[in-house]
Enquirer: 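Below is one structure. I have some questions about it.
One is the number of the first residue; the rest follow in order along the sequence.
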Amino acid sequence: MVAILRHGVSDAQIESLCNWFRAKGLDTHVSKGEYQTIIGLIGDTSKIDTDLLEGLDIIESATRVSEPFKSANRKFHPEDSVIEIGGAVKIGGGAFAIMAGPCSVENASQITEVARAVKAGGADILRGGAFKPRTSPYDFQGLRGEGIELLLEAKKETGLPIVTEIMDAHHLSLFENVDVIQVGARNMQNFELLKELGHTNKPILLKRGLANTLKELLMSAEYIMAGGNGNVILCERGIRTFETYTRNTLDLAAVPMLKELSHLPVIVDPSHATGRARLVRPMALAAAAAGADGIMIEVHNDPANALCDGAQSLNPQQFAEVAAAVRRVREAL
């Protein structure tokens, strides 16, 4: 349920009303906009009479929210959320960010060279996999803790905030200095992991699962937000369909749909969506045109010899050209 307050209501009145809701066992979420204040109610709202609420002097209207996701719902939070990353980068609410880097961290020279290159090419955030979920147990699984240390060294040299994937809540201590924790597609419904991330205050990049609906993605975001962490970024990275010419099928309609349903920022990963380096540029441009708040692109200094996903990785020059073209699309919009 959401209660829209009348203009001019004081902070004391808002707090008094929230205390009344809490006494009835409901959690409250207050969203103050430029012209309107909304109180979102989470819990069993069946005990609340909407007619009684609308009869109060300070309430303009009260509406029940039918969707199961509450904290992530735009009805609870009409204005776009803006997520701050590393104290220097913002994403959402008109702020656009480009994340770039290798699929996996391979060694110190590789990640440092790529970090320098993507910063020069226009990246705002360095991405790189330390823990790698692979389909085959015989494929390269990442450098794990050592990979995170190498990412932190690259951050120290370039100043770029870093984003890397977590696979197990037991590894959280290793992510203490990581700026954005990524939840990969395979873990989108790892609810125990999501609950643990909800107890942190770090930005969480939540990728859509290979065969998950938008509602399921938003419910996964709800798990994180229900724990108290509202710093969630949604990522469309392609879904599995009957098409075989591309690695996945990029669902660009997800971008405006998610932004209609939720206040959370939405980014697009054209690298995993297509699986082909030559398709990254057109899909990155299309993502920007569709209203995405950012893109995530895989970049390697030697794609032909990459230990992971070389076929979808751009080289630094290609990345710089794509980043510049994306910025031009953004300016045109």
Side-chain angles (χ1 to χ4, degrees), residues 85-86 99-112 114-115 118 123 125-156 160-210 212 217 220-221 223-224 229 231-235 237-238 247-248 267 269 271-273 275 296-301 303 306-313:
I85 299 170
M99 307 177 186
C103 175
S104 62
V105 179
E106 298 172 4
N107 53 61
S109 60
Q110 173 248 13
I111 188 59
T112 301
V114 174
V118 296
I125 300 168
L126 174 66
R127 64 142 293 155
F131 292 86
K132 295 301 303 177
R134 306 298 299 279
T135 302
S136 170
Y138 308 113
D139 288 338
F140 177 60
Q141 304 289 311
L143 298 180
R144 302 169 70 82
E146 180 187 352
I148 291 179
E149 291 301 318
L150 294 178
L151 279 168
L152 292 172
E153 286 298 318
K155 172 185 175 179
K156 187 183 300 183
L160 290 175
I162 58 174
V163 53
T164 192
E165 182 173 352
I166 191 169
M167 292 173 57
D168 192 319
H170 292 104
H171 298 151
L172 257 175
S173 60
L174 298 174
F175 288 73
E176 183 177 352
N177 296 312
V178 170
D179 298 286
V180 183
I181 299 177
Q182 175 182 311
V183 176
R186 293 174 178 84
N187 274 312
M188 192 206 85
Q189 290 187 307
N190 183 342
F191 299 125
E192 292 304 312
L193 173 60
L194 300 181
K195 289 177 186 176
E196 289 299 317
L197 294 175
H199 298 145
T200 73
N201 61 359
K202 286 187 179 292
I204 308 298
L205 175 62
L206 180 64
K207 286 197 163 189
R208 182 182 181 184
L210 279 72
N212 287 109
L217 173 61
S220 290
Y223 264 93
I224 300 170
N229 185 358
N231 298 310
V232 179
I233 302 164
L234 305 174
C235 180
R237 45 80 67 207
R247 180 174 179 176
N248 296 288
I267 73 165
D269 177 350
S271 300
H272 280 92
M296 173 179 269
I297 294 178
E298 291 196 351
V299 181
H300 197 285
N301 55 336
L307 296 181
C308 178
D309 287 346
Q312 65 193 38
S313 298

Enquirer: If you round to the nearest 0.5 Å, how far is CZ of R237 from CG of N248?
Expert: 4.5 Å

Enquirer: Where is the tightest heavy-atom contact between I166 and I181, given as atom of each residue plus distance?
Expert: CG2-CG2, 3.4 Å

Enquirer: About how many Å separate CD of E176 and CG of L152, when rounded to the nearest 0.5 Å?
Expert: 10.0 Å

Enquirer: Per the side-chain contact (heavy atoms from CB on, under 4.5 Å) rule, which among L151, V163, T164 passes with V178?
Expert: T164

Enquirer: Between the main-chain N or O of Q312 and the side-chain N or O of D309, is there a donor-acceptor pair closer than 3.5 Å?
Expert: no

Enquirer: According to side chain to side chain donor-acceptor pair (under 3.5 Å), does anything in residues 195-206 pair up with another residue at least two apart or in another chain? List the pairs.
Expert: E192-K195, T200-N229

Enquirer: Report, one line per pair, each donor and acceptor closer than 3.5 Å where one atom sits in a side chain of residues 126-143; sequence neighbours left out.
Expert:
unit_1: R127; atom_1: NE; unit_2: P102; atom_2: O; d: 3.4
unit_1: R127; atom_1: NH2; unit_2: C103; atom_2: O; d: 3.3
unit_1: K132; atom_1: NZ; unit_2: C103; atom_2: O; d: 3.2
unit_1: R134; atom_1: NH1; unit_2: F140; atom_2: O; d: 2.9
unit_1: T135; atom_1: OG1; unit_2: R186; atom_2: NH2; d: 3.4
unit_1: S136; atom_1: OG; unit_2: Y138; atom_2: N; d: 3.1
unit_1: Q141; atom_1: NE2; unit_2: S136; atom_2: O; d: 3.3
unit_1: Q141; atom_1: NE2; unit_2: D139; atom_2: O; d: 2.8

Enquirer: Would you check if the side chain of E106 reaches a backbone N or O of L307 as a donor-acceptor pair within less than 3.5 Å?
Expert: yes

Enquirer: Does one side chain, of Q189 or N212, offer a donor that lies under 3.5 Å from an acceptor on the other?
Expert: yes

Enquirer: Could you give the distance from CE (M296) to SG (C235), rounded to the nearest 0.5 Å?
Expert: 6.0 Å

Enquirer: If you define the side chain from C-beta out and look only at heavy atoms, does anything of Q110 sit under 4.5 Å from N301?
Expert: yes

Enquirer: Are D168 and R144 close enough for a salt bridge, meaning some N to O gap below 4.0 Å?
Expert: no

Enquirer: Determine whether L197 and L172 satisfy the following criterion, side chain to side chain contact (heavy atoms under 4.5 Å, CB included), listing intermediate values before the conclusion.
Expert: CA-CA 9 Å; L197 294 175; L172 257 175; 4.0 Å; yes

Enquirer: First locate atom CD1 of I267, then atom CG of L206, and finally report the distance between them rounded to the nearest 0.5 Å.
Expert: 10.5 Å

Enquirer: Evaluate the salt bridge (Lys or Arg N to Asp or Glu O under 4.0 Å) criterion for residues D269 and R208: first the C-alpha distance (whole Å), next the side-chain angles of each, then the deciding distance (0.1 Å), finally the verdict.
Expert: CA-CA 10 Å; D269 177 350; R208 182 182 181 184; over 6 Å; no

